[in-house]
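Shown next, in structure tokens, is the structure this report addresses.
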Amino acid sequence: MEQMLLGEAKLNKKCRGGIFLDGTLQEFVVNNSDVIIKNWLEEVTEKRKSDYTSSISTELFQSTNREFVNVIFSSLDKQGLTTELDDFSERLINLGWPLSYLTDGLQTFRRVTIDFILSQSEKIETNHFTNVLEMVDNWVDPIINSLVNEYSGNWEHTVSLQRVALQELSAPLIPVMKNITIMPLIGTIDTERAKLIMENLLEGTIKHNAEVVLIDITGVPVVDTMVAHHIIQAAEAVRLIGSTCILVGIRPEIAQTIVNLGIDLGKFPTKSSLRKGFEKALELTGRKITRSKERDQTIEKMMSSLEEG
Amino acid sequence: MDFKPCVNIRKEWDIVGARQLGREQAKEVGFGTVDQARIATAISELARNIYLYAGKGKICFEVINEFDHKGLKISAIDQGPGIRDLNQVMQDGYSTSGGLGAGLPGVKRLMDHFEITTEVDEGTQIHTIKWLR
């Protein structure tokens, strides 16, 4: 493995626009790419040892590292951001690699490269030092910027899509029978959804002329004081417009936490299951479920024909 | 090295994040569904307090695995305004935000161990532990 020693004067050239490294420096880096890559791989692997949250296998990590460093060098070669870099970063985003892997890797790369160049220099002086730093920065910085932009653009897009999806998870008021409606609450109730739920509830209660509203919280993972507060407010508002709220779907463990928290749900009736709540609702609206006579007769006929036969 | 993950609470949805992590940790320690619900609710209360009153802070988890007892420690740490009257706040029903109350007495009942240190304008630290029975 050849190791070239740097000359002197040529390093004082400034960098401009598309040319990152001065010709000699670039050659030097490319010719010693083996050493630089080896040093980089060592450092990155060493750093990884202190990263507990990494769930990526060592083989995958190493092979991605090799690909990564090749992509970095090809950008040096082509003197700019390459399609290989774009493809590489897109793949990593899709596979779910954290951005920190890339930025840490690049910072390490910057350091390793500068260390190596300076260690091979004949002379150490501020001018030379500044030039080397500037040149390597001009190589590495655009890559970092491009990667960060890709990642954050991707995140922002995902977040806005998810916000829309979350809004679509509305709280519908379902009119089951005349005067009885059900509102199933699903998922976490944050302040915004709570407002929406209250609006829907009141609007729907009036629109469907509901005498009884069943609020089903089977799908609510945790009832803390805020959620309970919203439910109580909703029930109170429903009561004010003359209807009754029945809370159903209280799981046993949720019942325990509600008791522990000291929340008083005594003001309005609660039932454990939707079925029981529904029966209560029917009661309150002067109805009940009975078995139809027709079906009974059919069964009797079947039974008697079996006996005869 | 002890693994003590923390969740930063800055946005309302961070409360859900803290709860998720807490639930996972609770499952790992071996808590049953009722205790998991208690732990998740306690985390929700503590995180919400940070969000509402301190603006930002963190919820930290620590698995306690000692010789004769195993449990999960949940800490709520913030550098917020602190609590002026601790006695008042530990009373059921007392609320400064129009809600049902800060839920601290509730958290105390949900968990097995509860300690709170607070300093006005400096911040608040709450440490709670749930033991595995």
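Not measured: the values here are computed from a predicted model. Numbered from 1 within each chain, the chains take letters A, B, ... in sequence-line order. Only heavy atoms go into these numbers, but all of them, side chains included; no hydrogens, no water, no symmetry mates.
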B:T33 and A:E253: which non-hydrogen atoms are nearest, and at how many Å? O-CB, 4.1 Å
Please name the pair of heavy atoms, one in A:D224 and one in B:S44, separated by the smallest distance, quoted to 0.1 Å. OD2-OG, 2.6 Å
What distance separates A:L261 CG from B:L110 CG, expressed to the nearest 0.5 Å?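 Separation between the atoms: 4.5 Å.
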In Å and rounded to the nearest 0.5 Å, what is the CG to OH distance from A:D190 to B:Y51? 8.5 Å
What are the residues of residues 115-132 of chain B, in order of number, with any heavy atom under 4.5 angstrom from a heavy atom of chain A? none
Taking 4.5 Å as the heavy-atom cut-off, does anything in residues 8-22 of chain B contact chain A, and if so which residues?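 Within residues 8-22 of chain B, the residues under 4.5 Å from chain A are B:E12, B:W13, B:V16, B:R19.
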Mind checking side-chain contact (heavy atoms from CB on, under 4.5 Å) for B:Q36 and listing every partner two or more places apart, or none if nothing turns up?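 Applying side-chain contact (heavy atoms from CB on, under 4.5 Å) to B:Q36 gives B:R23, B:A26, B:K27, B:F31.
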Only pairs of heavy atoms separated by less than 4.5 Å count here; which of A:T188, A:I254, A:V223 has the most with chain B?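 Max contact count across the listed options: A:T188.
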What part of A:V227 gets closer than 4.5 Å to chain B, counting heavy atoms only: side chain, backbone, both or neither?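 For A:V227, there is no contact with chain B at all, as no heavy atom is under 4.5 Å.
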Select one option (side chain, backbone, both, neither) describing which atoms of A:P221 are under 4.5 Å from chain B's heavy atoms. both
Is a side-chain donor or acceptor of B:E45 paired with a backbone partner of A:T225 at a separation under 3.5 angstrom? yes
More than 12 heavy atoms of other residues, nucleotides or ligands under 6.0 Å from CD of A:E192: yes or no? no
Is chain A contacted by the side chain of B:R48, its backbone, both, or neither, given a heavy-atom distance below 4.5 Å? side chain
Side-chain donor-acceptor pairs under 3.5 Å in residues 271-279 of chain A, sequence neighbours left out?
| from | atom 1 | to | atom 2 | distance (Å) |
| --- | --- | --- | --- | --- |
| A:S273 | OG | A:K276 | N | 3.2 |

